[in-house]
Chemist: 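Sharing a structure with you now.
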Amino acid sequence: MVIPEPKQVALQAGKGLPFGKLRFVHLKGGTHRPILGSLLDPLPETGRDTPDTLVLRLDQSLNEPESPEGYQLGISADHVEVASRGLAGLFYGCQTLEQLLEDARDTGSTIPACRIVDYPAMPYRAVHLDVKHHLDTMQYYYECVDRLARYKINGIVFEFEDKLRYRRRPAIGAANAMSIEEMAAFTRYARERHIEVTPLIQGLGHASFILKHGEYSHLRDDPESDWAFCALNDGTYEVLFDLYRDAIEATPGSRHLHVGGDEVGRLGGSALATGSGMSAVELQMHWLRRVCAFAAENGRMPIVWDDMILKLGGVYLTTHSSEVTAEEAQAVWRENHDKLDAALALFPANCTFMRWNYDEPKLPGNVLALQWYKQHGLMALAATAAQTTWPMFPRNRSNIRAIRDFCDVATTCGLDGVLCTAWDDASPSMETYWRGWIAHAEYAWSPGGRSLDEYARIYRHREFGPRGGQQEIDFQDELGLAMGYWDTALLDEGVRDAMWRTRGRFELMKLPARERPGIWKQRYGERLGQAAVEIRRHQQIKQAIDSLRTGAVRNRRTLRLMAAINDMQIHTARILLAIAACDSDAAGDAERDEVRTLLSQFEDAKTRLLSIFGKTRFLNNPVGYRLDSNHQQTPG
């Protein structure tokens, strides 16, 4: 029941290890004591390898595994040893032991005598913290580091935007932004747990957090839009480089700097760009070469999203659209191959190109893109997603299939790692991301392993306790389906996920007309039928969560939040059925009062949800906060 799944587990003869038997820690090979979990940390150190001792051995000559993150774990009735070539491997071996000890404690069983040999498929396994629309408490971010390290995640890409208190450009940081000192302390804490924090400061596009301010509006590529910088204005780089310097100081000792670069739109609108005669791809690469040179001068390896480069090269659609067949993708790449090859001279040699695909990473064009990078000696990483733009709760089983598939593709293509993004455009609670993030930890370490159903069962076991793995239904799958109904059940037009999808335009359904009773029920008959299904689904979810909460040994806060989401979302179905009862000649005050009661109950449910949500999240922007003028406006 260990996540991620170990590579090799061999059972041994002899008795196993009961919980509570270990009494000491012995350090060998010149190692220092690693950060240990709650079960191992209380063990005192001893200078001898005696019975009932956990031995931690740092051994550079260890042949198997060769990875410094790999480890050997041997367990017998009165002795446990973790051996590794690196400190990270010792740390990860102890994380595996912690999970095994949890199971022994929670089930009253012993850990079988065994030998585990384990190592990651990819050296870089990161998640993405997107704080540009909100902030959680620093305590919660520290808790996230502990939780990520438990599952052998070794990187965090922290997307700041205006949530860092910039020293060099103070007007850009929001009033509630984190200080550089706070982030530096957080970075050191994460590194002690073998997690590297990489700052992400959006550069060419997604620059509204900078260009919305009047003092920087002269740097716009389009004077009417705060979306993108002019790539040829030297002032662009004076501002960006100051932000990069502050971000570097906020993440001391980290190796990378993510410069963004995605969804820029139509470059070339400024007077400087128009007068230059440069193409959009030349403008994009001019910006990229300058920011990559800055990164190199400051000891950082730059990372960039690659969609604009592929779009300007004429091949992006093949990486993104399932409507493009394999034959069509091959034809597009043959047609544009020379164009991309000709642009190679513009590609910075020190840059890592992050190929993102959140839904269908096995598309032929996506694989062709990764192969093109490898063939031309360019560094590439993959990016999948645990959360895209879904409100309240992730859909599609937390996107686990796509996460698994991209980890598999990345391994096959020989990439060095995968990032699992978690976009906050619809600002759900971060607690809803974890099933996807932990799936990323599972499949980035061991791609092609467990089935999705098996993973989901073990995830519930690990996160909530043994009772979670015994449940007949997956309440999170069901809650995702319920939220799909909630998204649009009250709408006649548009969608209600991230507002930018329809620029905030959607149309609510009309109420029944008294002079035409029954017409409304007829029009929305299918939706009303589904409302009855959703009410039954809500009860199943509630029963599953309530049952789990009585036996949960971990993460009760997560279960409280999901119960509150479930109790809030069902009011949509209940209100629809109550309105239907009013669509009749026989309807009277009792039916109309029922609608009013349900609306009041919805407000109560929303208040309860916000109360739980607000335990970790700052729910409001500071007084005077200025929103971007054209959020998510990405022409082209």
Side-chain angles (χ1 to χ4, degrees), residues 3 127-151 153 156 158-159 186 195 385-400 403 420-442 455-456 458-465 467-468 471 474-483 486 497-498 541-542 544-546 548-549 551-569 605-620:
I3 296 179
V127 304
H128 167 238
L129 291 185
D130 176 17
V131 303
K132 60 178 174 287
H133 299 301
H134 77 270
L135 277 175
D136 287 283
T137 66
M138 286 304 299
Q139 177 183 347
Y140 184 69
Y141 294 136
Y142 278 94
E143 291 174 5
C144 287
V145 166
D146 290 336
R147 202 164 164 188
L148 292 166
R150 165 183 172 86
Y151 295 111
I153 290 293
I156 294 174
F158 212 114
E159 182 159 0
F186 174 78
I195 294 176
Q387 163 69 12
T388 54
T389 61
W390 295 300
M392 296 302 298
F393 196 82
R395 314 296 195 269
N396 301 337
R397 304 190 74 180
S398 300
N399 224 30
I400 295 171
I403 291 169
C420 188
T421 61
W423 299 102
D424 186 57
D425 298 75
S427 290
S429 168
M430 278 179 60
E431 279 300 304
T432 66
Y433 302 168
W434 281 96
R435 185 169 63 154
W437 272 347
I438 296 169
H440 171 62
E442 166 80 8
Y455 161 74
I458 295 175
Y459 155 81
R460 293 194 303 273
H461 174 104
R462 280 267 61 85
E463 282 290 280
F464 306 118
R467 184 174 292 189
Q471 286 193 320
D474 191 317
F475 71 89
Q476 287 171 272
D477 285 352
E478 295 299 316
L479 188 51
L481 293 172
M483 297 306 297
W486 173 84
D497 59 1
I541 296 169
K542 177 176 171 52
I545 294 177
D546 288 348
L548 193 50
R549 287 172 71 178
V553 294
R554 292 178 284 280
N555 298 326
R556 291 188 180 89
R557 176 176 62 196
T558 305
L559 294 172
R560 286 196 298 272
L561 175 77
M562 292 183 184
I565 292 172
N566 187 44
D567 287 343
M568 186 277 302
Q569 63 85 21
K606 185 174 73 172
T607 298
R608 288 194 296 273
L609 174 59
L610 291 175
S611 175
I612 298 169
F613 200 172
K615 298 291 185 184
T616 59
R617 170 74 53 91
F618 297 107
L619 297 176
N620 299 303

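All figures in this text were calculated on a predicted structure; none of them were measured in a lab. All residue numbers refer to positions in the sequence shown, counting from 1.
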Chemist: Should L609 and M392 count as side-chain neighbours, where that means a heavy-atom distance under 4.5 Å?
Modeler: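 A side-chain contact under 4.5 Å exists here.
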Chemist: Listed by chain and number, what are the ring-ring contact (aromatic ring centres under 6.0 Å, His included) partners of Y141, not counting sequence neighbours?
Modeler: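 F158.
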Chemist: From W390 CH2 over to W423 CH2, what is the distance, rounded to the nearest 0.5 angstrom?
Modeler: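 Rounded to the nearest 0.5 Å, the CH2-CH2 separation comes out at 14.0 Å.
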Chemist: Nearest 0.5 Å, what's the CE-CG distance between M430 and L129?
Modeler: 4.5 Å
Chemist: Looking only at non-hydrogen atoms, find the nearest pair between A552 and L559 and report the distance.
Modeler: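 Closest approach of A552 to L559, heavy atoms only: CB-CD1, 3.7 Å.
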Chemist: Name all residues meeting the salt bridge (charged side-chain N to carboxylate O under 4.0 Å, His left out) criterion together with R150; count only those two or more places apart in sequence or in a different chain, and write none if there are none.
Modeler: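 So R150 forms a salt bridge (charged side-chain N to carboxylate O under 4.0 Å, His left out) with E102.
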Chemist: Of all residues at least two apart in sequence or in a different chain, which pass the ring-ring contact (aromatic ring centres under 6.0 Å, His included) check with F618?
Modeler: none
Chemist: Just to verify, what does W434 make a ring-ring contact (aromatic ring centres under 6.0 Å, His included) with, not counting sequence neighbours?
Modeler: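 So W434 forms a ring-ring contact (aromatic ring centres under 6.0 Å, His included) with W437.
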Chemist: To the nearest 0.5 Å, how far apart are CZ in R467 and CZ in R460?
Modeler: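 Here the interatomic distance stands at 13.5 Å.
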Chemist: Within the 4.5 Å heavy-atom criterion, are E159 and T421 side-chain neighbours or not?
Modeler: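 Not in contact.
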Chemist: From the options K132, H134, H128, select the one residue that forms a side-chain hydrogen bond (donor to acceptor under 3.5 Å, both in side chains) with D130.
Modeler: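 Filter result, single survivor: K132.
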Chemist: How about C420 and I403: do any of their side-chain heavy atoms sit closer than 4.5 Å?
Modeler: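 Yes; the side chains approach each other to less than 4.5 Å.
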Chemist: Shortest non-hydrogen contact from R554 to H461?
Modeler: NH2-O, 3.1 Å
Chemist: Quick one: pull up OG in S429 and CG in D424 and give me the separation to the nearest 0.5 Å.
Modeler: 10.0 Å
Chemist: Using the rule given for side chain to side chain contact (heavy atoms under 4.5 Å, CB included), can you reason through D546 versus R549, listing the C-alpha separation, both sets of side-chain angles and the distance that settles it, and then say yes or no?
Modeler: CA-CA 5 Å; D546 288 348; R549 287 172 71 178; 4.3 Å; yes
Chemist: Do Y459 and E442 have side chains that get closer than 4.5 Å, going by heavy atoms?
Modeler: no
Chemist: Do you know the tightest heavy-atom contact between F393 and I565?
Modeler: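 It is CD1-CD1, 4.2 Å.
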Chemist: Might you point out which heavy atoms bring A456 and D474 nearest each other, and give the distance in Å?
Modeler: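 That closest heavy-atom pairing would be CB-OD2, 3.5 Å.
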Chemist: Supply the atom-to-atom distance T558 OG1 to F464 CZ, rounded to the nearest 0.5 angstrom.
Modeler: 5.5 Å
Chemist: Do you know the tightest heavy-atom contact between N399 and A385?
Modeler: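 So the minimum-distance heavy-atom pair works out to ND2-O, 2.9 Å.
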Chemist: Please name the pair of heavy atoms, one in A441 and one in Y151, separated by the smallest distance, quoted to 0.1 Å.
Modeler: CB-O, 3.3 Å
Chemist: Are any side-chain N or O atoms of N555 and backbone N or O atoms of E463, one a donor and one an acceptor, separated by less than 3.5 Å?
Modeler: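 Yes, because the side chain of N555 sits within donor-acceptor range (under 3.5 Å) of the backbone of E463.
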Chemist: If the condition is side chain to side chain donor-acceptor pair (under 3.5 Å), which residues does S398 pass it with, not counting sequence neighbours?
Modeler: R435
Chemist: Salt-bridged, R560 to E431, with N to O below 4.0 Å?
Modeler: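 So R560 does not pair with E431 through a salt bridge.
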Chemist: Calculate, to the nearest 0.5 Å, the distance between atoms CZ and OH belonging to R462 and Y455 respectively.
Modeler: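 OH of Y455 is found 12.0 Å from CZ of R462.
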Chemist: Taking E143 first and then R557, would you say they form a salt bridge - that is, a charged N and a carboxylate O separated by under 4.0 Å?
Modeler: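 Yes, this pair counts.
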Chemist: Once side chain to side chain donor-acceptor pair (under 3.5 Å) is applied, do any residues pair with Q387, and if so which ones, sequence neighbours excluded?
Modeler: none
